[in-house]
Amino acid sequence: MKFKLQAKYQPTGDQPQAIEQLSASIKQGKKNQVLLGVTGSGKTFTIANVIEQTQRPTLVIAHNKTLAAQLYQELRDFFPKSAVSYFVSYYDYYQPEAYLPSSDTYIEKEAMINDEIDKLRLATTTNLLTRPDNIVVASVSCIYNLGSPAEYGKFILEIVEGELIERKTLLLQLSNLQYERSSTDLERGTYRLRGDLIQLWPAYSDIAIRIDTLNNQITKIDEIDPISGQKIPLASGGKRRKHFVIYPAKHYLLDPKSQKKALQEIRQDTVKRVEELKNIGKSLEAYRLQQKVNYDLERIEEFGFVNGIENYSRYFDGRQAGEPPYTLIDYLIFNQKKFKKKSFLTIIDESHMTIPQIKGMFFGDRSRKETLIEYGFRLPSAMDNRPLNFNEFLERQQQIIYLSATPKPWEINQSQGEVVEQLIRPTGLVDPQVEVRSSQNQIEDLIREIVKRVEQGERTLVTTLTKKMAEALTDYLNDPKKVNKLLKKKAKKLPKVAYLHSDIDTLDRNDILDDLRSGTYDVLVGINLLREGLDLPEVSLIGILDADKEGFLRNDIALIQTIGRAARHINGLAILYADKVTQSMQRAIDETARRRQKQLKYNQQNNIDPSSINKPIREKLLQREKDGDEWQKDINRTQKNKNQKAIYLQISKRSRLNLTAIDAQNLTPDEKVKLVKQLRLQMNKAASDLDYELAAIIRDKIAELKLL
């Protein structure tokens, strides 16, 4: 299995020299390289060519899920026959375990796991154990504890048609792989019994398996649709599989042989720690720790798993105190050694943002754990369930390419000052013009510019300094009366506006970006989430409000990145609203001008007429559409609610909400997010008041909002 790039175009502009230089250095064994690539220059295509030329398993690290999803989609299209995987945090919501001594408040770990992303994570590790042609696109979650790849690889179940095996033994092996028995619906990571049939849905797959057994023998194995139960037809000329390998449903698994020793070590360390706490006068903390650990161990002995088992990972992994945990990077190393590759390659995308994020993860985690240990909520070994520190991360890397339009001095120093530049875009597009305008009447001026773009069928991005301002501006732009009043005339076409922020679910962000491209929205408003890696060729205008407010969101790197979002359109323009030109603004303007001049010169020398990018909207990362029956049920439920007696919820002293009047299909994504937050609070309040009937009604409404 080799990496085979499939693309409709060939490298052009700066791409050929960048591909040649990067590939040659990798083959020569150079560890660190920097690729300075401007927005729209085809950096991902360049990297795809490097992967094909070097044939290295590759880890691509992005600093947010939106960017990771985009890179995954692009690389999946470039390498349709290779194992391109997506590995990000599977939490839609995550509240880590914590203790606040000042108010004596213990906060339990609370999380909402996204089942689809969990599947993709498990598929990632399965691919790394089984095939050499791996590209993994990951967020910074790849530096967190994941369990040993060697141990994970031991937990497999091979099933073959005709194999003699007791049914009881087969079910026990599935349980050891953390598959749960379901008596009702078949769900991912579960199995279901139907007479002599076993229906199994592997946690990392979209396809389930039906296993026919008779007289302690596997008589037949078929791949089936997990929802309908129908047998999946073979592709033209395909052969029916008779041999399957089942991998675990969870990453944290316990070997029965090593479990006994690990539990004994935990008990010994608990006794020592309890004595330490008592000796310094912390009897309450000692009692608390003893109760907590005993409960966890009982659950592990009984079920092989407990929430928070990762806090004991050091014992089960056989690591010493202070030793770094196993992470996804160890799976890359395992893959590289197993398939005898010279090295694996790491691409750190938007390195100016990703590197600081990697550096900061270790210290934030450590501070929280120290408090939990001090007050008896965890053993000191919990400190070893942690992300890698930055030195450990670098030690595990074999070859790195730092990828950014604005690399920082640290990355350049790592490559000994050598920087591969990719400033020419294949389309001949140049960096946008930059204008500085007064912040007085900035909203009025911005709206006039937006309306011009709307009438031309173009899109706009607007960055603000605060979420509150983003929401207020969105509401203003969506109000036809206010916009027409400000324009002093009735606009031919009014903008449709949404805002993008951290409260929107991982997968919904990509849908909103697709909606901008398709024209459902004309304008997106945000803070800094609009800056990195957004591939939006339809955007011709960037509006940066309060550009002279020096700081993280308005430094030279941030401004260059933001301005670059308009570089994919022939009419690209960036407007910086400011009362003065700061040093950061000047550096950003100068660097943009330098690149623009070089691009114009190249176009003139090669007789290139710039043209806007015409890029299709890719297939969604995950298909989450419901079938016709499910949609009809939702419509019927909505119609039924309209005929019901109104149910009012008191949201605040001055406002209340008619629950039955909510029409989920007519709400924008940001309205749904706000509403779900309010409803969750009301649901918890109703449950606390023992009004479970109302709590159930609110719960169903939340489910309806999230489905639509």
(Q) Restricting to side chain to side chain donor-acceptor pair (under 3.5 Å), what partner residues turn up for Lys369, sequence neighbours left out? (A) Asp365
Q) Does the Gln199 side chain pair with the main chain of Arg192, one donor and one acceptor, at a distance under 3.5 Å? A) no
Q) Do NZ/NE/NH1/NH2 and the carboxylate oxygens of Arg267 and Glu301 come within less than 4.0 Å? A) yes
Q: Spell out, as yes or no, whether a donor-acceptor pair under 3.5 Å connects the side chain of Ser182 to the backbone of Asp185.
A: yes
Q: Please say which of Val137, Asp349, Thr346, Val136 ends up in a side chain to side chain contact (heavy atoms under 4.5 Å, CB included) with Ile61.
A: Thr346
**Q.** By salt bridge (Lys or Arg N to Asp or Glu O under 4.0 Å) - contacts of Arg131 (at least two apart)
**A.** Asp133
Q. Taking only residues two or more places apart in sequence, or in another chain, which ones meet Ser141 in a side chain to side chain donor-acceptor pair (under 3.5 Å)?
A. Ser139
Q | side chain to side chain contact (heavy atoms under 4.5 Å, CB included) partners of Ser228, counting only residues at least two apart | A | Asp225, Gln230
Q.
Test of understanding: with ring pair (Phe, Tyr, Trp, His ring centres under 6.0 Å), list the residues that count as partners of Tyr99, not counting sequence neighbours.
A. Tyr375, Phe377
(Q) Test of understanding: with salt bridge (Lys or Arg N to Asp or Glu O under 4.0 Å), list the residues that count as partners of Asp222, not counting sequence neighbours. (A) Arg210, Lys220, Lys231, Arg240
Q. Below 4.0 angstrom, N of the basic side chain to O of the carboxylate: do Glu370 and Arg378 qualify?
A. no
Q: Apply the side chain to side chain contact (heavy atoms under 4.5 Å, CB included) test between Ile347 and each candidate in Thr44, Leu75, Ile47; give the one that qualifies.
A: Ile47
Q. With distance as the sole test, does Gln6 use its side chain to make a donor-acceptor pair with the main-chain N or O of Phe78 at under 3.5 Å?
A. no
(Q) Run the salt bridge (Lys or Arg N to Asp or Glu O under 4.0 Å) test against Lys31 and tell me which residues pass, sequence neighbours left out. (A) none
Q: Return the set of residues passing salt bridge (Lys or Arg N to Asp or Glu O under 4.0 Å) with Glu265 (not counting sequence neighbours), or none when no residue passes.
A: none
(Q) I'd like to check the ring pair (Phe, Tyr, Trp, His ring centres under 6.0 Å) partners of Tyr247; sequence neighbours left out, ordered by chain and number. (A) none
Q. Between Phe393 and Phe390, how do the two ring planes meet: parallel, tilted or perpendicular, split at 30° and 60°?
A. parallel
Q: Please say whether more than 12 non-hydrogen atoms of neighbouring residues, nucleotides or ligands are located less than 6.0 Å from OH in Tyr295.
A: no
Q | Donor-acceptor pair, side chain of Asn335 and main chain of Leu128, under 3.5 angstrom | A | yes
Q. By side chain to side chain contact (heavy atoms under 4.5 Å, CB included), which residues pair with Ala203, not counting sequence neighbours?
A. Leu122, Tyr179, Arg188, Ala249
Q) Does Glu323 use its side chain to pair, donor to acceptor, with the backbone of Gln320 at less than 3.5 Å? A) yes
Q.
Tell me which pairs pass salt bridge (charged side-chain N to carboxylate O under 4.0 Å, His left out) where either residue lies in residues 304-314, with sequence neighbours left out.
A. Lys109-Glu310, Asp269-Arg314, Arg314-Asp384
Q: Verify the distance criterion only: is there a donor paired with an acceptor across the side chains of Asn127 and Asn134 at less than 3.5 Å?
A: no
Q. Is Phe244 close to Ile209 at the side-chain level, that is, under 4.5 Å between some pair of heavy atoms?
A. yes
Q: Just grab all the salt bridge (charged side-chain N to carboxylate O under 4.0 Å, His left out) pairs involving residues 325-348, residues at least two apart or on different chains.
A: none
Q) Any chance CZ of Arg181 has more than 12 other-residue heavy atoms, nucleotides or ligands included, within less than 6.0 Å? A) no
